[in-house]
Colleague: 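My questions will all concern the structure given below.
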Protein chains: 2
Amino acid sequence: MTSTSTNSGRPKAAAEGAPRRRSRGSTALASERREHLVRLAADLFAEKGFQATTVRNIAEEAGILSGSLYHHFDSKESIVDEILAGFFEEIMTAYRGVLDEGGDPRATIAGLVRIAFGTLEPHRAAITVMQNDWSYLQSMPRFAYLAKSEDEVEKMWVDAIRAGQDADLFRADIDPKLTYRMIRDTIWVAVRWFKPGGRLDAQGLADHYLKVMFDGINTH
Amino acid sequence: MTSTSTNSGRPKAAAEGAPRRRSRGSTALASERREHLVRLAADLFAEKGFQATTVRNIAEEAGILSGSLYHHFDSKESIVDEILAGFFEEIMTAYRGVLDEGGDPRATIAGLVRIAFGTLEPHRAAITVMQNDWSYLQSMPRFAYLAKSEDEVEKMWVDAIRAGQDADLFRADIDPKLTYRMIRDTIWVAVRWFKPGGRLDAQGLADHYLKVMFDGINTH
DNA sequence: CCTGGTCGAACAAGCGATTGGGCGCACCCG
DNA sequence: CGGGTGCGCCCAATCGCTTGTTCGACCAGG
């Protein structure tokens, strides 16, 4: 129990894992005010990263004072935790859906790529934070689950690539792990310049990338 | 390491050996000590980024107090400036060398890719900083030259890609600018997991990437 | 009255930066 | 040879500011 202070027994019901179900009679809302604040924070994280965003930034964006934030969250970390956890939950579910479809490896990889690109817009903040503040988060036990989830994701991709090689769909002279990393990095890093509503939407990007990834940039 | 250091004299200074020859009154400003400090700072920047690294971190790594750093540098920014400027100078020179060789577009792109991967090891700090703190640096007039250099680099790549398309070496249905960005980002972002001395060195990475980029992962 | 939400003020810790002084060494002049 | 001087390098202390966080008071509305 090193964890964060946790002192001053605020009956906060803990920010612990279990998704909030309707608790007791009043208010189905897990506080829509709170949700709104998370969205505001996410926008700032997406712009500048987690460490570079101050609680006063967030509060100002919401039109309140920094201290008031602590009525809704018990720390700045718990805000980003909520964002990251939601992201991983969603993407892993989507990934598993593709795997369960059981198409050929080429279709599987294409599916994974499309999903990943699809998260670019709704999960800008989480992706930005993971890129900018990964090493910082890794130094905190609280976020150890991130590495675990990332490992699981890597396994999905690598297995699909290997399956493709075994089926002679993908060339045998590429390194599955290395190839996965390159695909992953190429997709996530796009969060830096991708702006929704631009010339190309996320799926357009995905199509463009799939072309290049499967067949290369050479003419044939 | 607060140790009751005997304040007087130079108890530490371990690493450094060779108090070297005398260099008359007017040194070229390239003090050895200073260079050493820049390297230490670079290592920290490479680990955590620029903003996340404090001057006290740097000083501690060098076994001195933070104030002492200001005998060598006039600000934390000037340290990173030195690192970034050196990086751009080197890579742009190398890029121009490839262009001047005047090979076909395919050879040119391959050359650029190899150079970029080659900087991964010696310029980890600069690349990390550019990824983590780009927007922060951009907000300071002092670092406006970064955007300028980046534009020039982009032009080199895009021109080479376009030339390849005109010569029917690269497929016409890829977007040159988009393709450049993906190549660039994929290479630089590798700085996050690339560790010198690992299974693959930088040139091995480059070769693998060129294979995939030119011909894709499909079998043919 | 209770409860959710906020203010306003403060806190300790840490930040980049500045200052003045002191040490020890290489050098020069006598 | 020896005392003086300049300089590279560092310490110690401190400045003004920002950080995340705490906490009592207050104010609405059901």
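Throughout, a chain's letter reflects where its sequence line sits, starting with A, and its residues are numbered from 1. The figures that follow rest on heavy atoms only: side chains count, while hydrogens, waters and symmetry mates do not.
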Colleague: Who pairs with B:P141 by side chain to side chain contact (heavy atoms under 4.5 Å, CB included), at least two apart in sequence or on another chain?
Modeller: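 B:P141 satisfies side chain to side chain contact (heavy atoms under 4.5 Å, CB included) with no residue once adjacent residues are dropped.
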
Colleague: Could you list the residues that satisfy side chain to side chain contact (heavy atoms under 4.5 Å, CB included) with B:V189, not counting sequence neighbours?
Modeller: A:D185, A:V189, B:Q131, B:R192

Colleague: Just how far, in rounded Å, is P of C:dC15 from CD of B:E77?
Modeller: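 Atom CD in B:E77 sits about 17 Å away from atom P in C:dC15.
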
Colleague: Could you tell me how far apart B:H36 (NE2) and D:dC10 (P) are, to the nearest whole angstrom?
Modeller: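 My rounded result for the distance is 11 Å.
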
Colleague: Grab the CG-P distance between A:L37 and C:dG4 for me, whole Å please.
Modeller: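 In whole Å, C:dG4 P and A:L37 CG are 16 Å from each other.
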
Colleague: Expressed in angstrom and rounded to an integer, what is the separation of A:H71 atom NE2 from C:dG5 atom P?
Modeller: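 These atoms are roughly 5 Å apart.
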
Colleague: Which whole-number value in Å describes the distance from B:R33 CZ to C:dC25 P?
Modeller: 16 Å

Colleague: Holding to side chain to side chain contact (heavy atoms under 4.5 Å, CB included), I want the full list of residues that pass it with B:A85, two or more places apart in sequence or in another chain.
Modeller: B:D81, B:Y145

Colleague: What is the distance, to the nearest angstrom, from the CD atom on B:E32 to the P atom on C:dA26?
Modeller: 14 Å

Colleague: Can you see whether A:F50 has A:K76 sitting over its ring - NZ or CZ less than 6.0 Å from the centre and within 45° of the normal?
Modeller: yes

Colleague: Round to the nearest Å and state the distance from A:E60 atom CD to C:dC7 atom C1'.
Modeller: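 Interatomic distance, CD of A:E60 to C1' of C:dC7: 16 Å.
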
Colleague: Pairs of donor and acceptor atoms involving the side chains of residues 90-100 of chain B, under 3.5 Å and at least two apart or interchain, shall be tabulated with distances.
Modeller:
| from | atom 1 | to | atom 2 | distance (Å) |
| --- | --- | --- | --- | --- |
| B:E90 | OE1 | B:H123 | NE2 | 3.2 |
| B:E90 | OE2 | B:H123 | NE2 | 3.3 |
| B:T93 | OG1 | B:E89 | O | 2.8 |
| B:R96 | NH2 | B:E152 | OE2 | 2.8 |

Colleague: Which residues pass the side chain to side chain donor-acceptor pair (under 3.5 Å) test with A:D207, not counting sequence neighbours?
Modeller: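 With sequence neighbours excluded, A:D207 shows a side chain to side chain donor-acceptor pair (under 3.5 Å) to A:R114, given in chain and number order.
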
Colleague: How would you label the contact of A:I64 with the nucleic acid (heavy atoms, under 4.0 Å): base, sugar-phosphate, or nothing?
Modeller: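 Sugar-phosphate contact only - A:I64 comes under 4.0 Å of backbone atoms but never of a base.
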
Colleague: Once you round it to whole Å, what is the distance between C1' of C:dT6 and CZ of A:F73?
Modeller: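 About 15 Å, once rounded to whole Å.
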
Colleague: Using a 4.0 Å heavy-atom cut-off to protein, can you give one letter per nucleotide of nucleotides 13-20 of chain D, 5' to 3': B if the base is in contact, S if only the sugar-phosphate is, - if neither?
Modeller: ------BB

Colleague: So, OP1 or OP2 of C:dC7: does either fall under 4.0 Å of a side-chain N or O from A:S68?
Modeller: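 A:S68 to C:dC7 OP1/OP2: side-chain N or O found under 4.0 Å.
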
